[in-house]
Participant: 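The structure follows.
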Amino acid sequence: VFIVNSVIRCFLKNNQWKEAFDLFEEAVGSGVPNAFTYNILMHWLCHVGRLKEACNLFARMEDAGVKPNVVSYNNLLFGHCKQGDMDSAANLYGQMTERGIKPNVITFAILMDGYVKKKDFDQAYDMLNIMRGLGIACNEYTFNTVINGLCKAGRMSEANDMLHKFMEEGFVPNCMTYNCIINGFIREGAMSSAISTYQQMLKRGISPNIITYTNFIDGFCKSNCTDVALKLMYEVRRKGLQLDIAAYNAIIVGFCKDKNMDDALKLFDELLEAGLEPNAAVFNSLISGYVYLSNMTAAFELHKKMLEEGIPCDTAIYTTLIDGSLKAGNVTVALELYSEMLAKGHVPDDVTFTALIHGLCENGHLEDAYKILHEMDRMDLHPNVLIYNTLINGYFREGKLQEAFRLHDEMLDRGLVPD
RNA sequence: CCCACCGCUGAUUGU
């Protein structure tokens, strides 16, 4: 079992999921898999967004008489949280406790982080209290998650108070803690508060890392100060800190949005010269750059080049290509890409669906848009308000008011609140 | 032999 488990883990690490699952099926035939085996696979499925398959696996695990443990539940909880489906997460949590499986500090960290990502700090904080009520002590993850929750919700002064409260409880803030706070300030445009937080962390003897600086670089880019960002980037490099893909990409995106592909590509070359391995995110930035320029030929060429270099495509890239094709009026190609991504096991997300539905409406394909909205149900994905708005708007513009109102009612039936 | 926290990429209705 140990050997099978570690081989499966290796396969997954290399994106060889077909091989991993083949081996798993073979092992099932001889009754080898244990809880670890299932957990490893569920973990991977949840991380790549294939939650439905993870749930199926969980069911199979029980059928096979292998008892799920905390980790099994934690993995599935993580999957629901990652999809932003906190209702299902809460349900599952209830189920696990009913079955007598004790949640641990990780369970709560996962749930809290799920609420944090939905900017629902209060729910996250409720979880913290429940956890403490059960006598489970906080760890660094817990503390950082709470601070991050306030920062993500834009409640910066409370974040500061909370930090001090935690420090009294013995929490020693680390680089990540300060990164969360800096990020919060930058997102609300409070650059000077961000800088003074940065100085505070230096004073406490905590070394900033590349993430700290990427927060600033990205902030400058998003406020149209690409030049300042670029300067900072070189300064960071001069300090001897290794720039990574995300740092470069923050600026590349800035250039791409300015439709300045020359400088974007120049930076891309620099990143290659620095010995960094480009990932799907950088390629996606560049591909989007071509989409902004309405140059789908170049976009597809770059996509091809990426695949040739052995970088696997992902949901975001498919979304960019689908969106670009629709904006160019090419519905056929867009639908082909959509089928292709499904066939290859990529799970479209709400961004993909908004792009598809919006683009189909723009091109007058309302029926296709409507069909796709309801395909989401079969995939266990929950359409959000934005997607409904997009489609309702499409019907409105075509003068199909009845359809629009029907969709509106359907949305209400699903418990979505119109905005 | 398995699980959780920070930065970069994709969509956008109405005002």
Participant: Using the side-chain heavy atoms of A/Ile40, tell me which of these nucleotides is nearest: B/rG7, B/rC5, B/rC2.
Facilitator: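 Minimum distance to the A/Ile40 side chain belongs to B/rC2.
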Participant: How far does NZ of A/Lys118 sit from CD of A/Gln123, to the nearest 0.5 angstrom?
Facilitator: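 The distance works out to 11.0 Å.
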Participant: Calculate, to the nearest 0.5 Å, the distance between atoms CZ and CG belonging to A/Phe300 and A/Leu321 respectively.
Facilitator: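 Here the rounded value is 5.0 Å.
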Participant: To the nearest Å, how far apart are A/Leu23 CG and B/rC1 P?
Facilitator: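 Rounded to the whole Å, the gap is 18 Å.
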Participant: Does a distance-only test, which skips hydrogens and angles, find a donor-acceptor pair under 3.5 Å between the side chain of A/Asn144 and the base of B/rC5?
Facilitator: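 Per atom types, the contact qualifies.
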Participant: What's the CG-P distance between A/Leu128 and B/rA4, to the nearest Å?
Facilitator: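 It works out to 20 Å between those atoms.
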Participant: In whole angstroms, how far is the P atom of B/rA4 from the CZ atom of A/Phe108?
Facilitator: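 A/Phe108 atom CZ is separated from B/rA4 atom P by 17 Å.
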Participant: When you compare the ring of A/Phe2 with the six-membered ring of B/rC1's base, are the centres less than 5.5 Å apart and the planes under 30° from each other?
Facilitator: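 Taking the rule of under 5.5 Å and under 30°, the ring of A/Phe2 does not stack on B/rC1.
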Participant: What is the distance, to the nearest angstrom, from the CG atom on A/Asn74 to the P atom on B/rC5?
Facilitator: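 For the pair A/Asn74 CG and B/rC5 P, the rounded distance is 12 Å.
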Participant: From A/Met191 CE over to A/Phe216 CZ, what is the distance, rounded to the nearest 0.5 angstrom?
Facilitator: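 Those atoms lie 6.5 Å apart.
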Participant: Can you tell me how far the OG1 atom of A/Thr226 sits from the NZ atom of A/Lys257, to the nearest 0.5 Å?
Facilitator: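 A/Thr226 OG1 to A/Lys257 NZ: 11.0 Å, rounded to 0.5 Å.
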Participant: Should we say atom CG of A/Leu401 is surrounded by more than 12 heavy atoms from elsewhere, each under 6.0 Å from it?
Facilitator: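 It does: A/Leu401 CG has more than 12 such atoms within range.
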Participant: Round to a whole Å and report the spacing from CZ of A/Phe36 to P of B/rC2.
Facilitator: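 Going from CZ in A/Phe36 over to P in B/rC2 covers 7 Å.
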Participant: Once ring-ring contact (aromatic ring centres under 6.0 Å, His included) is applied, do any residues pair with A/Phe78, and if so which ones, sequence neighbours excluded?
Facilitator: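 A/Phe78: ring-ring contact (aromatic ring centres under 6.0 Å, His included) contacts with A/His47.
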Participant: Rounded to whole Å, how long is the line connecting atom CZ of A/Phe216 with atom P of B/rC6?
Facilitator: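 The answer, rounded to whole Å, is 18 Å.
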Participant: Give a yes or no on this: more than 12 heavy atoms of other residues, nucleotides or ligands lie within 6.0 Å of atom CD of A/Glu188.
Facilitator: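 Count over threshold, so yes.
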Participant: Which value, rounded to the nearest 0.5 Å, describes the distance between A/Leu337 atom CG and A/Asp323 atom CG?
Facilitator: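 That separation rounds to 11.5 Å.
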Participant: Using OP1 and OP2 only, check whether a side-chain N or O of A/Lys152 sits under 4.0 Å from B/rG7.
Facilitator: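 Indeed, a polar side-chain atom of A/Lys152 lies that close.
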Participant: Taking protein heavy atoms under 4.0 Å as touching, what does nucleotides 8-15 of chain B look like 5' to 3' if B marks base contact, S marks sugar-phosphate-only contact and - marks none?
Facilitator: BBBBBBS-
Participant: Strictly below 4.0 Å: does A/His47 bring a side-chain N or O up to OP1 or OP2 of B/rC3?
Facilitator: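 Answer is no, no contact under 4.0 Å.
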Participant: A side-chain contact here means heavy atoms from C-beta on lying under 4.5 Å apart; do A/Ile317 and A/Met306 qualify?
Facilitator: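 Yes, close enough: below the 4.5 Å cut-off.
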Participant: Identify, residue by residue, the members of residues 3-16 of chain A with a heavy atom below 4.0 Å from RNA chain B, and return them in order of residue number, or none.
Facilitator: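 The answer is A/Asn5, A/Arg9.
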Participant: Write down the distance between CE (A/Met112) and P (B/rC6), rounded to a whole number of angstrom.
Facilitator: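 Taking CE of A/Met112 and P of B/rC6, I get 12 Å after rounding.
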Participant: Between B/rC6 atom P and A/Asn209 atom CG, what is the distance in whole Å?
Facilitator: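 Checked: the CG to P distance equals 13 Å.
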